[in-house]
Amino acid sequence: MDLASKLFKGDRVIWIIFMFLCLISVIEVFSATSTIAYKNANHWAPIVRHATFLLGGFVLVLLLHNVPCRFFPAFILLLPVSVLMLIVTPFVGINANDAHRWLEIFGIQFQPSEFAKLASIVFIAFLLSKRSRFTDDQIFKYILIGVGTTCVLILPENFSTAFMLFGVCFLMMFIGQLPLLKLGKLAGVLILALILFIMLLRFTPAGVTQYLPDRFATWQGRLERFFDGHESDTDENGVYKITDDNYQVSHAKIAIAHGGLFGQLPGHGQQRDFLPQAYSDFIYAIIIEELGVVGGVFVLMLYIMLLVRVGMIARKCDKAFPKYLVLGCGLLVVVQALANMAVAVNLIPVTGQPMPLVSRGGTSTVISCIYFGIILSVSRFGANMGNEEDELPEEETEGAGAPPAITEEEISNWVPDTQPATEEEVTETK
């Protein structure tokens, strides 16, 4: 117990949430990657890869939660680096799932957008904490330039990530109490642009779409399947059918329906063999199928508890930077998780967002662990939570700085010296 208290410092609740998410991730990814395991000579290769990233992320959490949060503004340096990588990714990036989102450097593949999200959160938290140096108008302008440029570069290849990132940044600006008039105008412009974009996707004819970028056709297909898919899920006799257009969503619905209250237990799910992204985009459907509604609600509550706990940490922070930083990291993790869950239950169109720390992935898993490391560091150094073992016990404090206390027995046995002083002692005293 002493070793655990010395090793895992910071907010204990955040540590518990982190451990539960890692445990669920290992179990469900191991089950959901069956289709990949069948294609490999080594059936253990997919889960070993994922466990390696989780282990590396765990080491990062241990390191980061020992770093004082005053050093985290250094992550802002990632912003210009990630912008540069986002510029070159469409030209030299790796094409996967009809999108250029990955770069490969020295044999290592990663998504620059994940680093851009982390840098944007730190950038906004840093600016909001410098109210004494910059005016609100300057802060608003700098945020629009920095984060707006990043989101515009992410948008062509990953619309959902750009939309989610800017939404979280907008929430941070609202929490940071930037002028409501400016935020209202920005929100109005963005809502109008989103409506026009949806209308463009809905009413652009196929003859024109073929001359546009491939991602436009992908977005158009996802939107059409979401709005029109409910009408084509059944045939003339009312029998449910699966077509190529609603393949993913249909199998996700089947997985949720088969889950019941307590699920079919890990490893016994069937839809993992049919869902193309069962271990990533639709892992929440597999969780419900194998752990039931109870398991699905438990995972949802883990993220809700994370958001509540982050709010409690922010309230205890005395300085502005750690307060906004922990709120940004918590909001980004929870909003992305809720987006993944909403796709699995067909509340929103397919977005391609993984569930943080649960879905199989490389860059997303490591960056999610960095978010948890930052949150734990802020809880420890910014909010002074979970540092009780660093303080000396009361007995040690008394022995270190004050003279030892006199017991009642010593007082009762003490007899004053009533003998008169000698002439020599009086002379020495004078």
Side-chain angles (χ1 to χ4, degrees), residues 5-18 60-79 117-140 142-143 146-147 168-180 183 303-335 368-394 396-397 400-401:
S5 62
K6 292 179 180 179
L7 191 61
F8 305 111
K9 298 179 181 180
D11 187 25
R12 302 291 188 270
V13 178
I14 299 296
W15 274 114
I16 293 173
I17 295 172
F18 176 75
L60 280 176
V61 174
L62 287 178
L63 293 176
L64 286 174
H65 95 291
N66 286 308
V67 177
C69 51
R70 66 177 181 272
F71 294 108
F72 289 143
F75 282 118
I76 297 177
L77 297 176
L78 285 175
L79 190 60
K117 289 193 293 185
L118 173 61
S120 299
I121 295 299
V122 179
F123 177 67
I124 294 179
F126 179 78
L127 285 178
L128 291 176
S129 65
K130 299 299 179 182
R131 282 317 226 316
S132 59
R133 185 178 302 179
F134 303 109
T135 63
D136 288 345
D137 292 340
Q138 290 176 323
I139 293 174
F140 185 77
Y142 295 153
I143 290 176
V147 178
V168 171
C169 294
F170 185 87
L171 288 176
M172 289 184 66
M173 288 189 287
F174 177 77
I175 295 172
Q177 298 180 349
L178 289 183
L180 291 178
L183 295 179
Y303 287 105
I304 298 300
M305 288 172 58
L306 173 64
L307 185 60
V308 172
R309 200 64 183 177
V310 161
M312 295 175 63
I313 294 172
R315 289 186 62 182
K316 292 186 177 182
C317 290
D318 296 329
K319 298 182 179 180
F321 174 71
K323 178 184 298 185
Y324 295 128
L325 180 61
V326 73
L327 285 173
C329 292
L331 283 171
L332 191 61
V333 171
V334 175
V335 168
S368 297
C369 290
I370 291 178
Y371 292 138
F372 273 89
I374 292 175
I375 293 172
L376 287 167
S377 173
V378 172
S379 71
R380 181 184 176 191
F381 297 102
N384 196 28
M385 299 171 65
N387 292 328
E388 293 81 3
E389 68 280 358
D390 294 337
E391 300 177 359
L392 291 174
E394 186 177 352
E396 296 183 11
T397 305

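In what follows, every heavy atom counts, from backbone to side chain, and hydrogens, waters and symmetry copies are set aside.
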Return the minimal non-hydrogen interatomic distance between [X] and [Y], and the atom names on each side.
X	Y	answer
Arg131	Ile139	CD-CD1, 3.5 Å
Phe123	Gly146	CE2-CA, 4.2 Å
Val122	Pro73	CG1-CA, 4.0 Å
Gly328	Val168	O-CG1, 4.1 Å
Gly330	Val310	CA-CG2, 4.1 Å

How long is the straight-line distance from [atom2] of [Y] back to [atom1] of [X], given to the nearest 0.5 Å?
X	Y	atom1	atom2	value
Leu127	Leu178	CG	CG	9.5 Å
Leu60	Cys369	CG	SG	7.0 Å
Met172	Cys329	CE	SG	8.0 Å
Met173	Leu171	CE	CG	9.0 Å
Tyr324	Leu128	OH	CG	5.5 Å
Phe170	Leu183	CZ	CG	4.5 Å

Report task. Assess whether side chain to side chain contact (heavy atoms under 4.5 Å, CB included) is satisfied between Leu331 and Ile175, documenting all intermediate values. Result -> CA-CA 11 Å; Leu331 283 171; Ile175 295 172; 4.0 Å; yes

Query - Partners passing salt bridge (Lys or Arg N to Asp or Glu O under 4.0 Å) against Arg70 (at least two apart in sequence or in another chain) - result: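 Salt bridge (Lys or Arg N to Asp or Glu O under 4.0 Å) list for Arg70, sorted by chain: empty.
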
**Report entry** Min side-chain heavy-atom separation Phe72-Phe126 under 4.5 Å
**Finding:**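 Of all side-chain heavy-atom pairs linking Phe126 with Phe72, none is under 4.5 Å.
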
Query raised in the report: Would you call Phe381 and Lys319 a side-chain contact if the rule is heavy atoms closer than 4.5 Å?
Result: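 SC-SC contact between Phe381 and Lys319 ruled out.
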
Query raised in the report: Should we count CZ of Phe134 as having more than 12 external heavy atoms under 6.0 Å?
Result: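 Correct, the count exceeds 12.
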
Query - Whether over 12 other heavy atoms sit under 6.0 Å from Gln138 CD - result: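 Yes - once you tally the heavy atoms of other residues, nucleotides and ligands closer than 6.0 Å, there are more than 12.
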
Return a table of donor-acceptor pairs under 3.5 angstrom between the side chains of residues 61-69 and protein atoms on other chains or two or more places apart.
{"residue": "His65", "atom": "ND1", "partner": "Val61", "partner atom": "O", "Å": "3.3"}
{"residue": "His65", "atom": "ND1", "partner": "Leu62", "partner atom": "O", "Å": "2.8"}
{"residue": "His65", "atom": "NE2", "partner": "Leu7", "partner atom": "O", "Å": "3.4"}
{"residue": "His65", "atom": "NE2", "partner": "Lys9", "partner atom": "N", "Å": "3.2"}
{"residue": "Asn66", "atom": "OD1", "partner": "Arg380", "partner atom": "NH1", "Å": "2.6"}
{"residue": "Asn66", "atom": "ND2", "partner": "Leu62", "partner atom": "O", "Å": "2.8"}

Query raised in the report: Knowing that exactly one of Ile14, Ile313, Ile121, Leu376 qualifies, which makes a side chain to side chain contact (heavy atoms under 4.5 Å, CB included) with Val326?
Result: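 Going through the options one by one, the only one that passes is Ile313.
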
Query raised in the report: Is the backbone of Gly10 close enough, under 3.5 Å, to the side chain of Arg12 for a donor and an acceptor to pair up by distance?
Result: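 A pair under 3.5 Å: yes.
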
Query raised in the report: Any ion pair linking Lys323 and Asp318 (charged N to carboxylate O, less than 4.0 Å)?
Result: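 No, Asp318 and Lys323 are not salt-bridged.
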
Query raised in the report: Once the angle between the rings of Phe372 and Phe18 is folded into 0 to 90°, is it parallel (under 30°), tilted (30 to 60°) or perpendicular (over 60°)?
Result: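 Rings of Phe372 and Phe18: tilted, 30 to 60°.
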
Query - Stepwise side chain to side chain contact (heavy atoms under 4.5 Å, CB included) check, Cys317 with Val378 - result: CA-CA 8 Å; Cys317 290; Val378 172; 3.6 Å; yes

